[in-house]
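Some notes on the structure that comes next.
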Amino acid sequence: MANTVPLNKLIGQFNEKTDKEFVALDTTVLPVNKSGMYLQKEPTEQLIKAYQAFKQQHPNIPFIIVSATRNYAYQNSIWQRKWNTLFPKFNNAQRTAQDILQYSSMPGSSRHHWGTDIDITSVSSDYFHHNQQGKILYQWLEENMPKYGFCRPFNEGRSGGYLPEEWHWSYQPIAKAYLMAYKTALQQDTQSVLSQLNFDGHDKITLKALLEEYVLNVNTECIN
């Protein structure tokens, strides 16, 4: 798959709502916090199994999908809103980008583009470490999600990239191939990738270096 993933799929420049490989999560048994979220079919099937297994053990603890596929346009709207707020404050493109990248991806660089990644219940580390229900959920996810093919890409102990995200889980069998395809594209056809990323500030930052750090710097369990 690594050599056959088209660039537009890697960088999210497609419409998941009309893609036959994607499923609307609100047509499944999965609880969602908003309508209109999509995921590839195979990850959806495995996520349903994980959800049902969790609910058998913990019927009263929330297991809710709060984010799934986010295409380029969606990610760009997040980026632009934050850029418009922070750039006037810093008046420095690189610093602005690095501040945004603590919590949000550059358009074209998010794993959420791939239809393999989801956020579960909360996007606050505090919830998973200090809320009793969150702690139970997090322990279960860590112990059981790998059984269904999922890994946590942004774990502790990495040398750079995104801060740890307890809520973010990735369907490794497919996401691994996407990651390898992205790495190959960056190495072998850099300009083709960079030329498609026209978000605010793209031409004023160390774009390739930031892509390498934030796309490729993930939990090794998501690669192997």
Side-chain angles (χ1 to χ4, degrees), residues 16 21-70 74-75 78 101-105 110-179 214-224:
E16 70 277 9
E21 295 301 318
F22 284 71
V23 176
L25 297 187
D26 48 16
T27 66
T28 74
V29 300
L30 292 166
V32 295
N33 72 336
K34 54 183 173 290
S35 63
M37 290 193 291
Y38 285 72
L39 206 62
Q40 288 199 44
K41 292 178 181 178
E42 187 177 327
T44 302
E45 293 167 356
Q46 293 303 110
L47 183 60
I48 289 171
K49 293 177 183 178
Y51 163 72
Q52 292 173 330
F54 176 80
K55 280 300 180 180
Q56 285 182 347
Q57 296 181 38
H58 304 288
N60 299 317
I61 294 179
F63 185 119
I64 304 166
I65 309 307
V66 298
S67 189
T69 304
R70 299 199 299 259
Y74 188 105
Q75 196 67 33
I78 297 172
L101 284 165
Q102 291 184 72
Y103 301 105
S104 299
S105 300
S110 175
R111 294 177 69 94
H112 281 285
H113 292 331
W114 303 344
T116 56
D117 289 47
I118 38 84
D119 296 339
I120 298 175
T121 303
S122 173
V123 292
S124 166
S125 292
D126 186 69
Y127 175 78
F128 291 98
H129 292 289
H130 300 292
N131 178 283
Q132 187 58 35
Q133 290 189 333
K135 289 194 287 186
I136 293 171
L137 173 60
Y138 180 47
Q139 181 177 349
W140 191 94
L141 294 173
E142 286 280 291
E143 293 176 354
N144 293 280
M145 287 296 274
K147 300 175 186 176
Y148 303 95
F150 290 88
C151 64
R152 185 163 71 96
F154 308 127
N155 62 339
E156 297 76 15
R158 291 167 296 113
S159 59
Y162 298 106
L163 296 173
E165 296 184 353
E166 295 82 1
W167 56 86
H168 185 146
W169 292 85
S170 179
Y171 188 64
Q172 192 261 8
I174 297 177
K176 174 184 175 181
Y178 275 61
L179 183 66
Y214 286 89
V215 176
L216 306 183
N217 192 340
V218 298
N219 184 351
T220 56
E221 294 179 1
C222 295
I223 301 172
N224 298 327

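On a predicted model such as this, the values are computed, not experimentally measured, just so you know.
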What is the minimum heavy-atom distance between [X] and [Y], and which atoms define it?
| X | Y | result |
| --- | --- | --- |
| Val218 | Phe154 | CG1-CE2, 3.8 Å |
| Ala175 | Arg111 | CB-NH2, 3.4 Å |
| Asp119 | Arg70 | OD2-NH1, 3.9 Å |
| Asp117 | His112 | O-ND1, 3.4 Å |
| Lys34 | Val66 | NZ-O, 2.6 Å |
| Leu141 | Pro146 | O-CD, 3.8 Å |

Roughly how far, to the nearest 0.5 Å, is [atom2] of [Y] from [atom1] of [X]?
| X | Y | atom1 | atom2 | answer |
| --- | --- | --- | --- | --- |
| His168 | Phe150 | NE2 | CZ | 10.5 Å |
| Leu179 | Ile174 | CG | CD1 | 14.0 Å |
| Ile61 | Lys55 | CD1 | NZ | 7.5 Å |
| Ile64 | Asn33 | CD1 | CG | 7.0 Å |
| Ser159 | Asn217 | OG | CG | 4.5 Å |
| Ser125 | Trp167 | OG | CH2 | 4.0 Å |

Using atom types as modelled and distance alone, determine if a side-chain donor or acceptor of [X] lies under 3.5 Å from a backbone N or O of [Y].
| X | Y | result |
| --- | --- | --- |
| Thr121 | Pro62 | yes |
| Lys41 | Val23 | no |
| Gln75 | Ser105 | yes |
| Arg158 | Asn155 | yes |
| Glu165 | Tyr103 | no |
| Thr27 | Ala24 | yes |

Note to self: Could you work out, with side chain to side chain donor-acceptor pair (under 3.5 Å) as the rule, every residue matching Asp26, not counting sequence neighbours?
What the structure shows: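 Counting only residues at least two positions away or on another chain, Asp26 forms no side chain to side chain donor-acceptor pair (under 3.5 Å).
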Next item on the list: Could you list the residues that satisfy side chain to side chain donor-acceptor pair (under 3.5 Å) with Gln139, not counting sequence neighbours?
Entry: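 Checked Gln139 against side chain to side chain donor-acceptor pair (under 3.5 Å); matches are Glu143.
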Mind checking whether [X] and [Y] have side chains closer than 4.5 Å, heavy atoms only?
| X | Y | value |
| --- | --- | --- |
| Met145 | Cys151 | no |
| Tyr171 | Gln40 | no |
| Glu42 | Thr116 | no |
| Leu30 | Leu47 | yes |
| Tyr162 | Gln102 | no |

Notebook entry, point to check: So does Glu142 have more than 12 non-hydrogen atoms from other groups sitting under 6.0 Å from CD?
Noted result: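 Check passes, neighbour count above 12.
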Note to self: Restricting to side chain to side chain contact (heavy atoms under 4.5 Å, CB included), what partner residues turn up for Glu156, sequence neighbours left out?
What the structure shows: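 With neighbours one apart ignored, the set is Tyr138, Arg152, Pro164, Glu166.
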Checklist line | Residues that Gln132 engages under side chain to side chain contact (heavy atoms under 4.5 Å, CB included), provided they are two or more places apart | finding: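 For Gln132 the side chain to side chain contact (heavy atoms under 4.5 Å, CB included) partners, ignoring immediate neighbours, are Lys135, Ile136.
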Next item on the list: Please lay out, stage by stage, how Phe54 and Leu137 fare under the test side-chain contact (heavy atoms from CB on, under 4.5 Å).
Entry: CA-CA 8 Å; Phe54 176 80; Leu137 173 60; 3.8 Å; yes
Next item on the list: Scan for ring pair (Phe, Tyr, Trp, His ring centres under 6.0 Å) pairs involving residues 31-53, sequence neighbours excluded, and state none if there are none.
Entry: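 Residue pairs passing ring pair (Phe, Tyr, Trp, His ring centres under 6.0 Å), neighbours aside: Tyr51-Phe63.
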Check: Phe22 and Thr69: side-chain contact (heavy atoms from CB on, under 4.5 Å), yes or no, with the steps?
Finding: CA-CA 9 Å; Phe22 284 71; Thr69 304; 3.5 Å; yes
Note to self: Can you list everything that forms a ring pair (Phe, Tyr, Trp, His ring centres under 6.0 Å) with Tyr148? Sequence neighbours excluded, please.
What the structure shows: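 Testing Tyr148 for ring pair (Phe, Tyr, Trp, His ring centres under 6.0 Å), a comparison that skips the adjacent residues, returns none.
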Checklist line | Donor + acceptor pair across side chains of Gln46, Lys49 (<3.5 Å) | finding: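 Yes, a side-chain donor-acceptor pair sits under 3.5 Å.
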